[in-house]
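For this chain, numbers begin at 1 and follow the sequence in order.
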Amino acid sequence: MSQTDRAMLLGGLLFIGFLYDSMGFLRMALLCSFLHEAGHVLVFLLCTGRWPKLCFGFGGIALSGAQALGRKQELAVLCAGPAVNFLFAAVLYGIAQQRASYGVYFLAAVSFCTGAYNLLPLEVLDGGRILQNLAAGRHTSLAVRLQRWVLFLFCLLCAAAGCCSALEWRARIAALLAAAYIAVQEWGPKRSFRY
């Protein structure tokens, strides 16, 4: 599938998603994802003094030029995305304390969950890359085993949620899609330096 085909497919899926996004969840998730990726790009820019080349895909954004980063710089870039999500959630929570609003609380929760999700120690997420950087040669086999167990448990929990009749059908489908997405990203062809 070419880059143009992928872009058209992603655009079509977003269009359909926006049509049925009556609660605004997709818009909130996209805003939190944009802020997450902006955190990565900003710290990359601060570390290298130049803009990275961005490659967009279903698995996130790949930064070209990340090979030039040292271990500490890569850790800073990896931590920047979740840190921006947590900071945004804290600011929104503070605003919601002044003026109670379910929408602001919900956006804060989405931002917090985006940061927490990206810290899962799975190879395709920031948490997995952080774990690999911290293990760097000393405990690599332990880090790989931990990632496999977390992946197995994550897929098992999502599959259980997908089969749970107490949940609404849309929530069950979302749980199954989350497990399938992570499994495909984890076991599919690897792309280096995805943030």
Side-chain angles (χ1 to χ4, degrees), residues 10 25-26 28-48 50-93 107-155 157-158 174-175 177-195:
L10 182 59
F25 177 74
L26 179 59
M28 290 180 188
L30 287 174
L31 172 63
C32 294
S33 296
F34 172 78
L35 292 173
H36 178 93
E37 300 301 346
H40 289 313
V41 171
L42 177 64
V43 174
F44 182 91
L45 178 63
L46 293 172
C47 288
T48 63
R50 60 186 167 80
W51 287 94
K53 181 180 175 194
L54 303 177
C55 302
F56 297 90
F58 291 112
I61 296 177
L63 303 182
S64 175
Q67 302 90 330
L69 293 174
R71 199 170 125 221
K72 288 182 181 177
Q73 289 177 324
E74 186 173 0
L75 274 172
V77 171
L78 287 165
C79 291
V84 167
N85 287 128
F86 295 141
L87 180 63
F88 186 56
V91 168
L92 289 173
Y93 183 75
L107 182 55
V110 170
S111 186
F112 180 83
C113 289
T114 301
Y117 169 78
N118 274 282
L119 285 177
L120 286 174
L122 299 174
E123 187 178 357
V124 297
L125 299 175
D126 297 333
R129 297 282 302 283
I130 290 169
L131 183 64
Q132 289 171 359
N133 268 279
L134 294 175
R138 294 176 302 227
H139 307 290
T140 306
S141 62
L142 178 64
V144 169
R145 276 185 292 183
L146 177 63
Q147 287 177 328
R148 287 185 184 148
W149 274 105
V150 169
L151 175 64
F152 173 74
L153 290 173
F154 179 80
C155 289
L157 286 172
C158 287
L177 287 175
Y181 172 79
I182 287 292
V184 166
Q185 292 296 317
E186 189 75 22
W187 289 307
K190 303 294 183 206
R191 285 179 65 195
S192 298
F193 308 108
R194 179 187 293 129
Y195 295 99

All ring pair (Phe, Tyr, Trp, His ring centres under 6.0 Å) counterparts of Phe112, not counting sequence neighbours: Phe86
Give the minimum heavy-atom separation between Val110 and Cys32, together with the two atoms involved. CG1-SG, 3.8 Å
Mind checking side-chain contact (heavy atoms from CB on, under 4.5 Å) for Ile130 and listing every partner two or more places apart, or none if nothing turns up? Leu75, Leu78, Cys79, Leu119, Leu134
As an exercise, state the distance from CG of Asp126 to CG of Leu131, rounded to the nearest 0.5 Å. 12.5 Å
Check side-chain contact (heavy atoms from CB on, under 4.5 Å) between Val43 and all other residues, then give those that pass, not counting sequence neighbours. Cys47, Ala76, Val77, Ala80
Using side-chain heavy atoms (C-beta onward) and a distance below 4.5 Å, is Phe44 in contact with Gln73? no
Are any of the side-chain heavy atoms of Gln132 and Pro121 separated by less than 4.5 Å? no
Would you say Ser111's side chain and Leu107's backbone share a donor-acceptor pair under 3.5 angstrom? no
On a heavy-atom basis, the closest approach of Pro82 and Asn118 is CG-CB, 4.4 Å
Residues two or more places apart in sequence or in another chain: which of them pass side-chain contact (heavy atoms from CB on, under 4.5 Å) with Phe34? none
Distance in Å, Met28 CE paired with Thr114 OG1, rounded so as to fall on 0.5 Å steps: 11.5 Å
For Leu42, enumerate each residue passing the side-chain contact (heavy atoms from CB on, under 4.5 Å) test, keeping only those at least two apart in sequence or located in another chain. Leu46
If you look at every heavy atom in Leu125 and Tyr117, which pair is closest and at what distance? CD1-O, 3.4 Å
